[in-house]
Amino acid sequence: MSQFIRPLPESEAELLSLTQDIAGRSLSELAQRINWVVPPDLKHNKGWIGQLLECILGTTAGNLSEPDFQHLGIELKTIPLSAENKAKETTYVCTVPLLEHIGLQWENSCVFKKLQKVLWLPIEADPTLELGQRKVGQGFLWSPSEDELDILQTDWEEFMELISLGQVETITAHLGEYLQIRPKAANASVVTTGIGNNGLRKQTLPRGFYLRTLFTNQILQSQFVGY
DNA sequence: TGGTGATCATAC
DNA sequence: GTATGATCACCA
């Protein structure tokens, strides 16, 4: 094969064309293009698939807090599919602001910004399939509908209210219709500064916003309805 | 058995 | 510690 040249899609159409090109290809085939070794499993390489596809499609944001395709305002998200073609895992969105969020409006939130335009890339994740044999599915661009935005906003405002009242510790992953808040850290001993129940600063576990599989499955179904 | 809480890798 | 990328693993 010829040398792999990292693409830098300049338009949405170009990105969609690249997405079309990788649909149906296996992870080992894509890894080979850029001389990456397929790990035996994801246990110690949880972000491997996401990073592989970022490199294959030519994202530019690195670990900046910006959309993966900065100039296109598009965020890339892989989504692991079970054997029944349903989302296996929740989707991480961004870190929950626990302190510097006073007066923050929904429209200025990281959740709202991240979800403006997403390139969803379904990936086979049936555990009986060897990692390298798993195939990339049909990627598609998505933006939340008005109804979806309403529910996301309601969830977000409920969470931020609790946080500003110093109730972070009472938030469990059971709360929220589309969004949920769960720990987002290397381990349970990591701390960041938040607001305690006395209104004073308090060290607490960093948390992240995640999209429930209920919601991502809804997105998948609306995309592939009648397909 | 699936969802919640916990965890893994890496760059800076 | 923060950010990026997520999946693991246990228990209700």
Side-chain angles (χ1 to χ4, degrees), chain A residues 27 30-31 34 36-70 74-101 109-111 113-115 118-132 134 136-137 139 155 159 162 168-194 201-218:
Chain A
L27 296 183
L30 295 177
I34 55 178
W36 279 23
V37 175
V38 180
D41 56 60
L42 297 176
K43 188 171 178 179
H44 298 285
N45 298 274
K46 295 182 180 179
W48 186 79
I49 296 177
Q51 286 160 352
L52 173 69
L53 273 304
E54 281 190 342
C55 197
I56 291 289
L57 293 178
T59 61
T60 58
N63 62 353
L64 300 177
S65 298
E66 298 193 24
D68 294 307
F69 302 95
Q70 299 167 287
I74 295 173
E75 177 73 15
L76 175 65
K77 290 289 182 196
T78 59
I79 176 165
L81 298 183
S82 67
E84 298 77 35
N85 286 325
K86 292 178 71 177
K88 272 186 63 181
E89 301 284 349
T90 55
T91 301
Y92 172 68
V93 182
C94 59
T95 300
V96 178
L98 297 178
L99 201 59
E100 311 299 334
H101 64 273
S109 71
C110 65
V111 178
K113 290 178 184 171
K114 283 258 178 180
L115 299 182
V118 179
L119 177 64
W120 293 103
L121 225 43
I123 314 283
E124 286 181 341
D126 177 348
T128 66
L129 289 174
E130 202 180 314
L131 185 54
R134 300 180 189 179
V136 175
D155 283 344
F159 285 129
L162 286 169
V168 197
E169 311 280 6
T170 72
I171 297 176
T172 72
H174 297 277
L175 264 56
E177 187 173 346
Y178 285 173
L179 280 179
Q180 67 179 175
I181 284 182
R182 302 214 310 278
K184 169 63 174 173
N187 57 65
S189 63
V190 174
V191 291
T192 190
T193 306
R201 293 180 177 214
K202 180 176 187 286
Q203 292 303 100
T204 187
L205 187 61
R207 293 136 208 272
F209 284 113
Y210 295 79
L211 301 180
R212 292 186 176 281
T213 52
L214 169 84
F215 183 46
T216 46
N217 276 320
Q218 186 175 303

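Just the heavy atoms: all of them, side chains too, but no hydrogens, waters or symmetry mates, feed the values below. Convention: sequence-line order gives letters A, B, ...; per-chain numbering from 1.
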N or O in side chain of [X] less than 4.0 angstrom from [N] OP1/OP2:
X: A/T213; N: B/dG2; value: no
X: A/K114; N: C/dA3; value: no
X: A/K43; N: C/dA9; value: yes

Nearest-nucleotide comparison on DNA chain B, the residue closer to the 5′ end among A/K88 and A/Q51 =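 Its nearest nucleotide being more 5', the pick is A/K88.
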Would you mind telling me which residue lines up with the more 5' stretch of DNA chain B, A/H44 or A/I181, judged by nearest nucleotide?
->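 Looking at DNA chain B, the more 5' nearest nucleotide goes with A/I181.
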Looking only at side-chain atoms of [X], point me to the closest of [options].
X: A/R182; options: B/dG3, C/dT4, C/dT7; result: C/dT7
X: A/V190; options: B/dT4, C/dG1, C/dA3; result: C/dG1
X: A/Y210; options: B/dA9, C/dA6, B/dC12; result: C/dA6
X: A/V191; options: C/dG1, C/dT4, C/dA6; result: C/dG1

Tell me, which pairs form a side-chain hydrogen bond (donor to acceptor under 3.5 Å, both in side chains) where one or both residues lie in residues 43-64 of chain A, sequence neighbours left out?
->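 Sorted pair list: A/T60-A/Q70.
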Is A/Q203 touching bases, backbone alone, or none of the nucleic acid, heavy atoms closer than 4.0 Å?
->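 Since no nucleic acid heavy atom lies under 4.0 Å of A/Q203, the category is nothing.
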For the helix from B/dT1-C/dA12 to B/dC12-C/dG1, figure out the bend between the end axes, five pairs an end, and round to 10 degrees.
->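 One end axis against the other gives 30°.
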Side chains of A/Y92 and A/T95: is there a donor and an acceptor less than 3.5 Å apart?
->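 Side-chain D/A pair, A/Y92 to A/T95: present.
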